[in-house]
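A note on names: the letters A, B, ... follow the listed sequences, proteins ahead of strands, and every chain is numbered from 1. Only this structure's heavy atoms are used, side chains among them; waters, hydrogens and symmetry mates stay out.
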Protein chains: 2
Amino acid sequence: MEQKNNLVDGAENKARPRRLGKNGDGTERHEVIYRSISDAIIEQQLRPGARLREDALTEVFNISRTGIRKILQRLALEQLVTLTPRRGASVTRPTASEARDVFAARQMVECGLMPEVARRITEQDVSELREMAKREREALKTGEQSTAIKLSAAFHERLAQLSGNATLAAFVGQLCSRSSLILAVYGSAGHLGCESHDHDDLIDYLAEGDGEKARTFMNHHLKEIEASLSIIEEEAVAPDLHQIFGMNS
Amino acid sequence: MEQKNNLVDGAENKARPRRLGKNGDGTERHEVIYRSISDAIIEQQLRPGARLREDALTEVFNISRTGIRKILQRLALEQLVTLTPRRGASVTRPTASEARDVFAARQMVECGLMPEVARRITEQDVSELREMAKREREALKTGEQSTAIKLSAAFHERLAQLSGNATLAAFVGQLCSRSSLILAVYGSAGHLGCESHDHDDLIDYLAEGDGEKARTFMNHHLKEIEASLSIIEEEAVAPDLHQIFGMNS
DNA sequence: TCAACCATCATTGTATACGCATTGTAGGAT
DNA sequence: ATCCTACAATGCGTATACAATGATGGTTGA
């Protein structure tokens, strides 16, 4: 967190008397900050359980608490951060059942989308996807784990967007973001999400227009990812005393 | 809406000079207000396009603008209200493509959930669902259209919850809420969402544990609803000038 | 020496004040 | 008479101030 603080302070110290330009870029500024935090979570620079104090974010991004709270609420609704009533915000630590739910949902939606994607995909889309897969492979090779995770999620989301159904695509995007958190909690160290060649194979099937093959491949793909995790209820934080000692509160 | 206003006023008028009791019930109060607005939208007491001025809501619910804005943001993320940058909040008017997306999503998710629901459903669940269906039929019979719409959405959401997948259930809940808006915009006057006996038939299949029959029935059920709509792009509000006249800004 | 209680601190929840943008209206000029 | 311009009002965006609560550490009494 410190390096960000320094970085931003250095960039922002150059005269900003007070009350910057209102709305002119306000919305975009919020969007940028939202993406910064969101990316940091997805890239696992902010691990699950990390506290996000409003004051700290305020001075890091040079914005008022009002704006930060707005952003944190959005992140909370997307289940990337957890807002506990008097304790502030922290990066969500998905429970085991949440993890299973997320992967079951991805199974249903992403697989179900493949036929439509195969039907609608264009040459241009194919080359774009290949480019994304290539960048992801490179990131994996050079050991940029954070980048690889983000690119993998982006690949799956882009795939869903090609179905033309914006609602389902947005839902898949959320599921992919949450998957990054799940990988951070339940994944083994060396092995991260998608195998490097899997995405390329999937693109081949889609380019051939074989929706059914793509669907079954996506099914195996997601099953493999989930199988590589050890989704066990590890009560590390907040040991749920009420649950352990049966005495109801 | 008036009775709600009186209710809240009546509860709060009892001596609270200013700055009411802070958090004691703050979160719950927000939840109550959120449900009030959400229900009013789902029941179509607030039609698509209706403006939701922050000041008005402030005095109706006797809460500060901060709280209202928080609630409006949540509703916006759930796509029930639209927040235009300087113009405030209004009830979302779904576009035709959004309507198609929502029903395609419901088709995929709700149908896909049926087998699991059939597997997990208990006697108690069955009787609860029958009770809900009965209340819905009664509301339809007595002409309480608003109530019937809300109960129908609640039925579909409860059904999804029985799958045990909280993530997908929440998603279905959002889709059902948005469906109410879609019915309001694209539905014909006399004919509202679900046929009265459809839900009862569906419960029968689930009680028998026949997930496949339930799935195909849900498929037909949703197809019928969508077919009863006239989803045509009627550009009434906000004609997207940039899109019409190609000149970029 | 240990435990319990009190005080202070840290951090969030809520409300309000201030400024700007947009819109509607009125007045004047052509 | 019509059109353009300027001003006023309405309403939202942002920041900040204040209140409350949970936490932590210190002090005192047994």
Does a side-chain N-to-carboxylate-O contact under 4.0 Å join B/Arg158 and B/Glu128?
-> yes
Hey, which sits more toward the 5' end of DNA chain D by its nearest nucleotide, A/Gly67 or B/Gly88?
-> B/Gly88
C/dT11 phosphate, OP1 or OP2: any side-chain N/O from A/Arg53 under 4.0 angstrom?
-> yes
Between A/Val81 and A/Thr92 the two heavy atoms that sit nearest each other are C-OG1, 3.0 Å
Where the side chain of B/Arg86 is concerned, which of D/dA15, D/dG13, C/dA15 is the nearest nucleotide?
-> D/dG13
Among D/dT14, C/dA15, C/dT14, the nucleotide that comes nearest once only the side chain of B/Ser64 is considered | C/dA15
Which of the following nucleotides, C/dT12, D/dA15, C/dT23, is nearest to the side chain of A/Arg29?
-> D/dA15
Is it true that A/Arg74 and A/Glu31 have a side-chain N and a carboxylate O under 4.0 angstrom from each other?
-> yes
Which is true for A/Arg69 with a 4.0 Å heavy-atom rule: it touches a base, it touches only sugar-phosphate, or it touches nothing?
-> base
Work out which heavy atom in A/Val91 is nearest to a heavy atom in A/Arg47; give both atom names and the distance.
-> CB-O, 3.4 Å
Round to the nearest Å and state the distance from A/Arg87 atom CZ to C/dG13 atom C1'.
-> 15 Å
Under 3.5 Å donor-acceptor pair, A/Arg65 side-chain atoms to C/dG13 base atoms | yes
